[in-house]
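Notes for the one structure printed next.
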Protein chains: 2
Amino acid sequence: MEKEKVKDRIIRVASDLFYKQGFNSTGINQIIAEADIAIGSLYNHFSSKNELLKVYLIKEELKWFDGFEKHSSKLIKAKDKIFTLVDYRKELQNSSGFSGCHFIKINAELGDSNPVISEFVMKHKEKQKIMIKELITEYNKEDGSVNADAITENIFLLLEGAVVISTINKNADAFDQTKKIIKGLLP
Amino acid sequence: MEKEKVKDRIIRVASDLFYKQGFNSTGINQIIAEADIAIGSLYNHFSSKNELLKVYLIKEELKWFDGFEKHSSKLIKAKDKIFTLVDYRKELQNSSGFSGCHFIKINAELGDSNPVISEFVMKHKEKQKIMIKELITEYNKEDGSVNADAITENIFLLLEGAVVISTINKNADAFDQTKKIIKGLLP
DNA sequence: GTCTATAGCTAGATAGAC
DNA sequence: GTCTATCTAGCTATAGAC
């Protein structure tokens, strides 16, 4: 295994801090301390804290879709893939100590102050919804005949609600409820 | 009309800033500038920025339930009260420029750094859910025989999802979808 | 009860040695 | 390409005059 490069270590440390304690609450000094580098090195690799934020979000998006691909690729039926989407988001919450969705979090924290990030978050959620719709369309070919747009929106909103509420409550109950509801939606 | 007292002006200005640009991004200096007072006056009324945060959240919770009471008290049937809950949250979002839920926002911003606030947010959402359950129980007495717990959770999660997604997308589409779905849940 | 002045600290970012 | 030293600006909070 190759040794982790400085740039990658900065990204890893910064990402973890941005997620766990928030972007505004994370200082450059804390990042360089935990990455064990000098401040000059950080600014050699990244032009600003904001650039580090963009790199973080782009990487998290890739991780999110790759992670779901790994969870669902072994499954054959679209119905099972949809159920495993609930399991996947539950697992992400469990393993992060219910720290929430990276994208909802940063959007809540930045509000309207950073349009580039706001648009990135909007597009990310749109991608998630499109992915769900593709699964529902696949499901209709295999087993069902549901209204794809309506069921997609329903599942999409339930999942976002479940993530937010599980973050607040620090438990996964909302995902279990969500799975039951979705089972009822896909006969 | 009585002149607004200094303390109330501080609360109003701070609340607006906390909501619109975030708690961490709002400085004491900005609050006193926009409230047009000296810093000594602020600390005469409030012991810390954190106390101001607590007052803000308590006040917003009161406003939330009072606002819904005003919207729903004139309605007779529980079913209509549930529909008007969707309208109410849609209206809150519209009138704030889709700035999101005060409580989800502060929870996302603070993470686990402030347990007192985290617990307040948790209890607030629990109160909302209990309110929904009371409406569903009332509905069952009048018109229906749905599974109260399951339908409550379903409506609750859909609404939270709709608030989050409407905040990200800066439009009310998610509420219109949510209303349609809820209409299907309450025959 | 409102004011000014300021303490003590941390923020993000830059300059320049090596 | 990593380092130290440092800049300017901002932060929360306090002291003490009036």
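A, B, ... follow the sequence lines: proteins, then strands. Residue 1 opens every chain. These figures come from a predicted structure and were not determined experimentally.
With sequence neighbours excluded, the residues that form a side-chain contact (heavy atoms from CB on, under 4.5 Å) with B:Lys63 are B:Lys59, B:Glu60.
Protein atom CG of A:Leu52 is 14 Å distant from nucleotide atom C1' of C:dA13, rounded to whole Å. The distance between atom CD1 of A:Ile10 and atom P of D:dG1, rounded to the nearest whole Å, is 12 Å. At whole-Å resolution of the value, CZ in A:Phe18 and P in C:dA11 are 12 Å apart. Taking atom CD on B:Gln21 and atom P on D:dG10, their separation rounds to 14 Å, with Å as the unit. Following rounding to the nearest Å, A:Glu51 (CD) and C:dG12 (P) show an atom-to-atom distance of 15 Å. We find that CD1 of A:Ile32 is positioned 19 Å from P of D:dG1, with the value rounded to whole Å. In this structure, NZ of B:Lys5 is placed 14 Å from C1' of C:dG1, rounded to the nearest angstrom.
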Worksheet item: For nucleotides 12-18 of chain D, read 5' to 3', which letter fits each nucleotide if B means a protein heavy atom sits under 4.0 Å from the base, S means only the sugar-phosphate is that close, and - means neither?
Response: BBB----
Practice prompt. Check step by step if side-chain hydrogen bond (donor to acceptor under 3.5 Å, both in side chains) holds for B:Asn171 and B:Ser166.
Written response: CA-CA 5 Å; B:Asn171 70 53; B:Ser166 74; over 6 Å; no
Discussion item. Show, in sequence, the C-alpha distance, side-chain angles and deciding distance for B:Glu51 and B:Ser47, and conclude whether the side-chain hydrogen bond (donor to acceptor under 3.5 Å, both in side chains) test is met.
Written reply: CA-CA 6 Å; B:Glu51 197 201 323; B:Ser47 67; 2.8 Å; yes
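Close to D:dG1, at under 4.0 Å from its OP1 or OP2, lies no side-chain N or O of A:Ser41.
No close placement of the A:His102 and A:Phe18 rings is indicated, their centers lying 6.0 Å or farther apart.
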N/O donor-acceptor pairs under 3.5 Å from side chains in residues 177-187 of chain B, not counting sequence neighbours:
unit_1   : atom_1 : unit_2   : atom_2 : d
B:Thr178 : OG1    : B:Ala174 : O      : 2.7
B:Lys179 : NZ     : B:Asp87  : OD1    : 2.8
B:Lys179 : NZ     : B:Asp87  : OD2    : 3.0

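Side chains of B:Phe98 and B:Asn94 form a contact here, defined as non-hydrogen atoms less than 4.5 Å apart.
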